Asker: 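My questions all concern the structure below.
In this text, all values refer to a predicted model and were calculated from it rather than measured experimentally.
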Amino acid sequence: MVYNPEILKKHYDILPHGTAKESAIREAIYEADKNSDVPFMVFFREELCSEANFYGNAMYMMTVFPELLSIIDKYPDTPTTQFDRVYDNALDHILWIYKWVIIKCSSFYQIPLEDCKKFFADFKKRYINYGYSLKPYYRAVYYFYSFNKEEEDKAFNKFMAAKRDSNSDCQACERNTEIEFYLNNGNFNKALQLSEDIENFRLRCLNGYYDSWIRVKMSFLNYYIDNGNFEEASKTAHLLEPYIDNRTEFLQWGTIINCYAHTNPGRALRIYKKYWKELEKGGTPLDEFDILKNTCCFFWVIKKQGKESIKFNADISFPLYTKDKTYSTDSLYNYYCLRAEDIALKFDKRSNTDKCIKTLEKALKIADI
């Protein structure tokens with residue numbers, strides 16, 4: 001078969017997001033490498049980073065990205081392909097993707113703290129050398145140091161002070177970061193004021209018309225749950241439901257069943273039974289922790305409400321699978337809670353804190369209200 005990168009791209013472009021598409025892009029990478037086609041050796045890896053970051057296993061991005069850096073350091077004058085002419089050159093495209101990588105550092109307990117710091121230092125050096133603003137750098141540092149309030153606040157202030165440029169995240173994404181910051185610090189009114197432009201679609205994410213609006217709703221949903229306001233949380237969840245899709249960051253069923261458990265337990269159970277497989281996935285370990293935390297809170301609530309067991313059509317892939325498809329709420333609670341605890345302890349060990357385990361304890365305490 002004659003090597004043709006355009007045909008390889010057409011092949012994976014028609015595939016659904018997920019495992020099949022990731023495999024096809026990996027095959028394209030193999031063919032480009034075999035033919036020493038440097039622009040497409042870079043481009044196909046960039047495509048894999050995008051697919052893994054938004055729709056698949058983001059660890060693939062974390063492992064393939066160092067290959068990108070190695071290639072571009074060896075061939076610094078690599079041009080873009082016909083598919084990414086919006087960038088000045090291949091390095092320019094790689095620096096855009098690098099933002100996703102350092103943002104995701106906070107999502108993997110498998111990446112040692114020192115390795116994360118090395119990623120940040122390399123990112124900072126490359127951005128300075130290229131003449132870009134460090135605004136995305138400080139935004140990523142802010143998210144990374146969620147376990148250290150002093151460092152988190154310092155990074156946020158530097159993020160706000162830094163100037164925007166052509167490689168900055170879109171204004172809607174940056175506004176969402178501001179909203180999250182003020183909600184996390186208990187300043188609801190400031191967050192509400194900042195959300196107006198997104199709520200009215202005057203500010204929109206470049207990736208999709210509703211994306212920034214969904215992120216705002218997710219932030220307020222989590223705020224309401226964290227403060228035990230399940231009535232408002234349920235109203236927000238109801239607005240969000242039609243917009244949940246297969247992008248990993250938008251798979252919010254765990255959060256939704258947690259809030260519905262207090263206001264509409266029947267609906268919460270129906271959602272759990274329908275989406276239990278999605279609750280087993282989790283895009284990153286941090287996503288998985290959030291899903292498990294919310295799901296164990298859900299089962300704690302319905303167990304308290306007197307429901308001793310539920311029946312649903314799980315298949316043999318479900319770790320607690322039984323032939324009669326009947327499961328005690330106690331065993332389901334323990335299953336999700338122990339998994340959440342295991343991940344929390346691994347993150348805390350990585351960061352040398354107790355932030356994650358306290359987050360789990362607080363969530364269960366709120367669920368007990």
Asker: Taking atom types as modelled, find out whether Thr80 and Arg85 have a side-chain donor-acceptor pair closer than 3.5 angstrom.
Answerer: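 Yes, a side-chain donor-acceptor pair sits under 3.5 Å.
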
Asker: Taking NZ, NE, NH1 and NH2 as the nitrogens, is one of them in Lys9 or Glu47 under 4.0 Å from a carboxylate oxygen of the other?
Answerer: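 A salt bridge links Lys9 with Glu47.
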
Asker: Go through the side-chain N and O atoms of Asn185 and Lys149 and say whether any donor and acceptor fall under 3.5 Å apart.
Answerer: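 On atom types as modelled, these side chains qualify, holding a pair under 3.5 Å.
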
Asker: How long is the span from the CG atom in Leu203 to the CD atom in Glu174, to the nearest 0.5 Å?
Answerer: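 Rounded to the nearest 0.5 Å, the CG-CD separation comes to 10.0 Å.
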
Asker: Decide ring pair (Phe, Tyr, Trp, His ring centres under 6.0 Å) for Tyr260 and Phe230; before the verdict, give the C-alpha distance in whole Å, the side-chain angles of both, and the deciding distance to 0.1 Å.
Answerer: CA-CA 8 Å; Tyr260 281 164; Phe230 293 103; over 10 Å; no

Asker: Testing the 3.5 Å rule here: is there a donor-acceptor pair between the side chains of Glu280 and Tyr275?
Answerer: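 Note: Glu280 and Tyr275 side chains miss the donor-acceptor criterion.
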
Asker: Compute the centroid of each ring, for Phe312 and then for Tyr272, and state whether the two points are separated by less than 6.0 Å.
Answerer: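 They qualify: ring centres under 6.0 Å apart.
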
Asker: Using 4.0 Å as the upper bound for N to carboxylate O, is an ion pair formed by Arg126 and Asp73?
Answerer: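 Salt bridge between Asp73 and Arg126, a charged N being under 4.0 Å from a carboxylate O: yes.
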
Asker: Considering only NZ, NE, NH1 and NH2 on the basic side and carboxylate oxygens on the acidic side, decide whether Arg339 and Glu288 come within less than 4.0 Å.
Answerer: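 Salt bridge flag = yes for Glu288 with Arg339.
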
Asker: Looking at Tyr143, Tyr145, Phe181, Tyr138, which one forms a ring pair (Phe, Tyr, Trp, His ring centres under 6.0 Å) with Phe156?
Answerer: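 Result: among Tyr143, Tyr145, Phe181, Tyr138, Phe181 is the only option passing the ring pair (Phe, Tyr, Trp, His ring centres under 6.0 Å) with Phe156.
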
Asker: Please collect all side chain to side chain donor-acceptor pair (under 3.5 Å) contacts where either partner lies in residues 103-116, sequence neighbours excluded, each pair once.
Answerer: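 For residues 103-116: Asn53-Lys104.
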
Asker: Using a 3.5 Å distance criterion without hydrogens, assess whether the side chain of Thr81 forms a donor-acceptor pair with backbone atoms of Phe83.
Answerer: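 Yes, Thr81 side chain to Phe83 backbone: donor-acceptor pair under 3.5 Å.
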
Asker: Quick check: are there more than 12 heavy atoms from other residues, nucleotides or ligands sitting under 6.0 Å from OH of Tyr60?
Answerer: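 Open.
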
Asker: Please check if any side-chain donor atom of Tyr321 sits under 3.5 Å from a side-chain acceptor atom of Asp315, or the reverse.
Answerer: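 Not at all, the side chains of Tyr321 and Asp315 share no donor-acceptor pair under 3.5 Å.
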
Asker: For the pair Asp122 and Lys117, find out whether any cationic side-chain nitrogen is under 4.0 Å from an anionic carboxylate oxygen.
Answerer: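 Answer for the salt bridge query: no.
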
Asker: Would you say Tyr130 and Leu69 are hydrophobically clustered, going by side-chain heavy atoms of ILVMFWY under 4.5 Å?
Answerer: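 Yes; Leu69 is reachable from Tyr130 via cluster members.
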
Asker: Linking I/L/V/M/F/W/Y whenever any side-chain heavy atoms sit under 4.5 Å apart, do Phe44 and Ile94 land together?
Answerer: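 Different clusters.
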
Asker: Looking at Asn294 and Asn258, would you say the former's side chain and the latter's main chain have a donor-acceptor pair under 3.5 Å?
Answerer: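 Answer holds: no.
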
Asker: Can you check whether Tyr243 and Trp213 have ring centres sitting under 6.0 Å from each other?
Answerer: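 Judged by ring-centre distance (under 6.0 Å), Tyr243 and Trp213 do meet the cut-off.
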
Asker: Please tell me whether Asn167 and Trp96 have a donor and an acceptor in their side chains that are separated by less than 3.5 angstrom.
Answerer: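 Judged by distance alone, the side chains do not pair up.
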
Asker: As a quick check of understanding, evaluate ring pair (Phe, Tyr, Trp, His ring centres under 6.0 Å) for Phe347 and Phe289, giving each step before the final call.
Answerer: CA-CA 10 Å; Phe347 270 111; Phe289 169 70; 7.2 Å; no

Asker: Just by modelled atom types, is the Asp153 backbone N or O under 3.5 Å from a matching donor or acceptor in the Asn157 side chain?
Answerer: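 The answer is yes, because a donor-acceptor pair under 3.5 Å joins these two groups.
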
Asker: Determine, using ring centers only, whether Phe188 and Tyr223 are less than 6.0 Å apart.
Answerer: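 Yes, the ring of Tyr223 comes within the 6.0 Å limit of the ring of Phe188, centre to centre.
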
Asker: Are Gln252 and Thr255 linked by a side-chain donor-acceptor pair shorter than 3.5 Å?
Answerer: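 Their side chains do contain a donor-acceptor pair, which is all the 3.5 Å distance test asks for.
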
Asker: What's the shortest heavy-atom distance between Ser133 and Tyr127, and which atoms?
Answerer: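 Taking Ser133 first and Tyr127 second, the nearest heavy atoms are O-CD2, 3.3 Å.
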
